[in-house]
There are 2 protein chains.
Amino acid sequence: MPNSNTHTDSSPVFSPLYQQIKSLLLQSLEKGEWNAGDLIPPEVELAKRYNVSQGTVRKAVDELAAENLLVRRQGRGTFVATHQESKIRFRFLSMKADDGTDFKTRSTILDVKHTTPPEAVRAHLELNKKDAAVQISRLLSFDNTPAVVEEIWLPSQIFADVTLDKLTNYKGTLYGWFEAEYNVRMIRAVENLRAVVATPQVAQLLEVSAVEPLLFVERLSYTYADKPVEVRHGWYLTAAHHYQNELI
Amino acid sequence: MPNSNTHTDSSPVFSPLYQQIKSLLLQSLEKGEWNAGDLIPPEVELAKRYNVSQGTVRKAVDELAAENLLVRRQGRGTFVATHQESKIRFRFLSMKADDGTDFKTRSTILDVKHTTPPEAVRAHLELNKKDAAVQISRLLSFDNTPAVVEEIWLPSQIFADVTLDKLTNYKGTLYGWFEAEYNVRMIRAVENLRAVVATPQVAQLLEVSAVEPLLFVERLSYTYADKPVEVRHGWYLTAAHHYQNELI
DNA sequence: CAGTGGTCTAGACCACTGG
DNA sequence: CAGTGGTCTAGACCACTGC
C-alpha cells in the first residue's frame, strides 16, 4: 500500500515507503504471524503482498536484520531471530574471561516468588500500583566458580505461571525460555553499570569477603514495540572476568 | 575498476564490487586525501571515478556511514566524521548522571611524560621493545566534582611533541586534539570493565576513602586499518554517575 | 534554482543452499 | 536444479540545503 508522498501531500512529515513496509513487517512480528525461528515469506512474495518493488522490501528487511530482529541466510531465506541460536545467545552476556578462554556458564535458581515489586522496578516495567511481578533469584557460575548473583523481575501478567520447578528443569538460557514458553522475545536492553561493595548475602553466595568490590549491572529489557518486560540486577565478580564493550 | 567475478573467475573468494569501492574509499581516508570534517566528492563523481554505478557507490558509502567513518547530510553532501561534532563527542564517554541531567565535564592534566610503557601497554600498542610512549595523567570532573582519574598511553612515534603546556591549553576533547594536532582519528575502541578498590593515589585525587569501590575501565582505541593507537585506564567514581550501555 | 543525497522501480545476473 | 537472498545497473523522481 504505497502512499503518494508527492508535493501535493500536505502532511508535514515524509515517511519513505520502505519505512512503512518495515512497520508492517514489525506488526506481523509483534502479533505473532511469524514466530521466533520461523522462515518469513521470500522477498518477491512480500513485494507482491505490499505492492512495492523487491528493492523496497529489501531495504525494510535490511534494517530489521541490522537491528537483529531478522536473520538473512543467503540461499535459504529470512528468519525471525531466536534466542536459541548460539550467536544470539551471547548478545546479552558481555562477560569475557581475562585470559580470553571460553568458560561454561551454569545457572542455579535460588528462589522464585510472586511479589509486589519495589517502586523503582514497578516504574521501569510500567506496571500499575498493585500489579504483581515474578521475582527470580539465581546464581551463575563460570566454570563451576560462583561469578554472578542476579535478581530478576518480570510482569506477572505475562509470566503468570513461572515456578521454581519449571525454571530449574529448563535447559538453556532464560531468554530462550521466555521465548519458548511465553512467546516473549527480548530484542533490546539498556544496562547501567556501577562499582559497589558486596552485600552480605551476595558476598556469601559468591564466596567472597563482605567488602569485595563488585560490578553492579542494572538491566532493563524490551520486547517489540519498546515494551519493557524485564528488570535485572546483577552483581558480578570481576576477579577473573570482565565486562567487555565495544565502542563503534 | 570493477572486476569480473564471473564463474570463469577461479579465485576462491567472491568480493562484491561495493566492497572493493569501500576499500578504495577507506584508503583515501587513511592516506589523508580527505581529512576530518572534509566534504568528500558527490556520489555521481565517485561513481565516475571508480567506473561503477551510483548505486554501488551508495552501498559502499552507506556502510562507511554505518561505521561512523562518514556522515551523510541530505542536500549537502557526505563528510568525513570528526570528533569536533558534538554528536560524536559523546560516543566515547558512556557516563550518565543517575538523575539523567546533563553535566559539565572538565579535564585537568596532571602530568605528561615520555616513558617506556608497561609491558602490557607496549603489547597492546604493538610497539617494539624499546619504543617510547607518552603517558598522560588527568583528572576529570563532572560539574566540578572529581569523577575520573585517567592514565593514557600513546605511541611517541606519532605523538612525539606532546607537552603538558600544549595539552593544558587546548580547549576540547582529547580525541578532538589528536585529530586536529596529529591527524589521528580514533574510530573504534574496546573497553574492559571491572570493579576494583581505589589505590591510595586515585582515592586521594577523587577525594574518597581508600576502600571506595571504583569502576575500572581499560580502553584500547584504534584508528584506520585497525591500528591500535591509545591505551587508556580509567578509575570511575560511580556514586552519582553510571556507565550506560545499550545491547541491541 | 542548482546540486546533493534519498527513494523507488524494473530487470538482469550471480552466489549460495538444499533436495 | 529450483528457489532464495545478494549484487549491479540505469533511470526517474523526490526531499533537502544553501545560495
Side-chain angles (χ1 to χ4, degrees), chain A residues 1-25 34 37-66 69-81 85, chain B residues 1-25 34 37-66 69-81 85:
Chain A
M1 315 270 191
N3 70 359
S4 60
N5 267 324
T6 64
H7 69 291
T8 57
D9 182 352
S10 64
S11 80
V13 286
F14 164 71
S15 168
L17 243 188
Y18 75 87
Q19 285 289 357
Q20 302 173 41
I21 304 302
K22 188 181 166 187
S23 294
L24 293 172
L25 293 172
W34 312 309
D38 284 359
L39 180 64
I40 75 168
E43 293 178 353
V44 266
E45 196 169 316
L46 290 174
K48 255 182 268 175
R49 179 201 295 203
Y50 298 124
N51 197 25
V52 298
S53 80
Q54 187 177 349
T56 300
V57 167
R58 166 171 296 276
K59 185 144 187 180
V61 171
D62 276 347
E63 289 206 354
L64 292 171
L69 298 189
L70 296 177
V71 178
R72 317 193 73 143
R73 298 195 199 285
Q74 182 172 111
R76 297 183 55 193
T78 301
F79 298 79
V80 179
E85 288 175 70
Chain B
M1 315 269 194
N3 69 1
S4 60
N5 266 325
T6 65
H7 69 290
T8 58
D9 182 351
S10 64
S11 82
V13 282
F14 165 69
S15 168
L17 244 188
Y18 76 88
Q19 285 290 358
Q20 303 173 41
I21 305 302
K22 188 180 166 188
S23 293
L24 293 172
L25 294 172
W34 312 309
D38 284 359
L39 180 65
I40 76 168
E43 292 178 354
V44 267
E45 198 169 314
L46 291 173
K48 255 182 267 176
R49 180 203 292 204
Y50 299 124
N51 195 25
V52 298
S53 81
Q54 187 179 348
T56 300
V57 167
R58 167 171 295 275
K59 183 143 188 179
V61 171
D62 275 347
E63 288 206 354
L64 292 171
L69 300 187
L70 296 177
V71 178
R72 317 194 72 141
R73 296 194 202 286
Q74 180 172 106
R76 297 182 56 191
T78 301
F79 298 80
V80 179
E85 288 174 70

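A, B, ... follow the sequence lines: proteins, then strands. Residue 1 opens every chain.
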Over how many whole Å does the gap from [X] atom [atom1] to [N] atom [atom2] extend?
{"X": "I21(B)", "N": "dT7(D)", "atom1": "CD1", "atom2": "P", "result": "14 Å"}
{"X": "D62(B)", "N": "dC8(C)", "atom1": "CG", "atom2": "P", "result": "14 Å"}
{"X": "L17(A)", "N": "dA10(C)", "atom1": "CG", "atom2": "P", "result": "12 Å"}
{"X": "Q54(B)", "N": "dC14(D)", "atom1": "CD", "atom2": "C1'", "result": "13 Å"}
{"X": "E45(A)", "N": "dG3(D)", "atom1": "CD", "atom2": "C1'", "result": "12 Å"}
{"X": "L46(A)", "N": "dT9(C)", "atom1": "CG", "atom2": "P", "result": "14 Å"}
{"X": "K48(B)", "N": "dA10(D)", "atom1": "NZ", "atom2": "P", "result": "14 Å"}
{"X": "Y50(B)", "N": "dC8(D)", "atom1": "OH", "atom2": "P", "result": "15 Å"}

Would you say a side-chain N or O of [X] is under 4.0 Å from OP1 or OP2 of [N]?
{"X": "T78(B)", "N": "dT4(C)", "answer": "no"}
{"X": "K59(A)", "N": "dT7(C)", "answer": "yes"}
{"X": "T56(A)", "N": "dT7(C)", "answer": "no"}

Looking at every heavy atom in both [X] and [Y], which two are closest together, and how far apart are they?
{"X": "P41(A)", "Y": "R49(A)", "result": "CG-NH2, 4.0 Å"}
{"X": "F79(A)", "Y": "G37(A)", "result": "CD2-O, 3.6 Å"}
{"X": "G77(A)", "Y": "L39(A)", "result": "CA-CD1, 3.7 Å"}

Find every protein N or O atom lying less than 3.5 Å from an N or O atom of nucleotides 16-19 of chain C, and list the pairs.
from	atom 1	to	atom 2	distance (Å)
dC16(C)	O4'	Q74(A)	OE1	2.7

> In dot-bracket, 5' to 3', how would DNA chain C read with Watson-Crick or G-U wobble pairs under 3.5 Å, [ ] for crossing ones and | for pairs to another strand?
Replying inline: ||||||||||||||||||.
Which residues satisfy the salt bridge (Lys or Arg N to Asp or Glu O under 4.0 Å) test with [X], sequence neighbours excluded?
{"X": "R73(B)", "answer": "E85(B)"}
{"X": "D38(B)", "answer": "none"}
{"X": "E45(B)", "answer": "none"}
{"X": "K59(B)", "answer": "none"}

> Quick one: are L46(B) and I21(B) in side-chain contact, heavy atoms under 4.5 Å?
Replying inline: no
> Of S53(A) and P42(B), whose closest DNA chain C nucleotide lies nearer the 5' terminus?
Replying inline: P42(B)
> Which value, rounded to the nearest 0.5 Å, describes the distance between L25(A) atom CG and L64(A) atom CG?
Replying inline: 6.0 Å
> Does the base of dG6(C) carry an N or O that pairs as donor and acceptor with the side chain of R58(B) under 3.5 Å?
Replying inline: yes
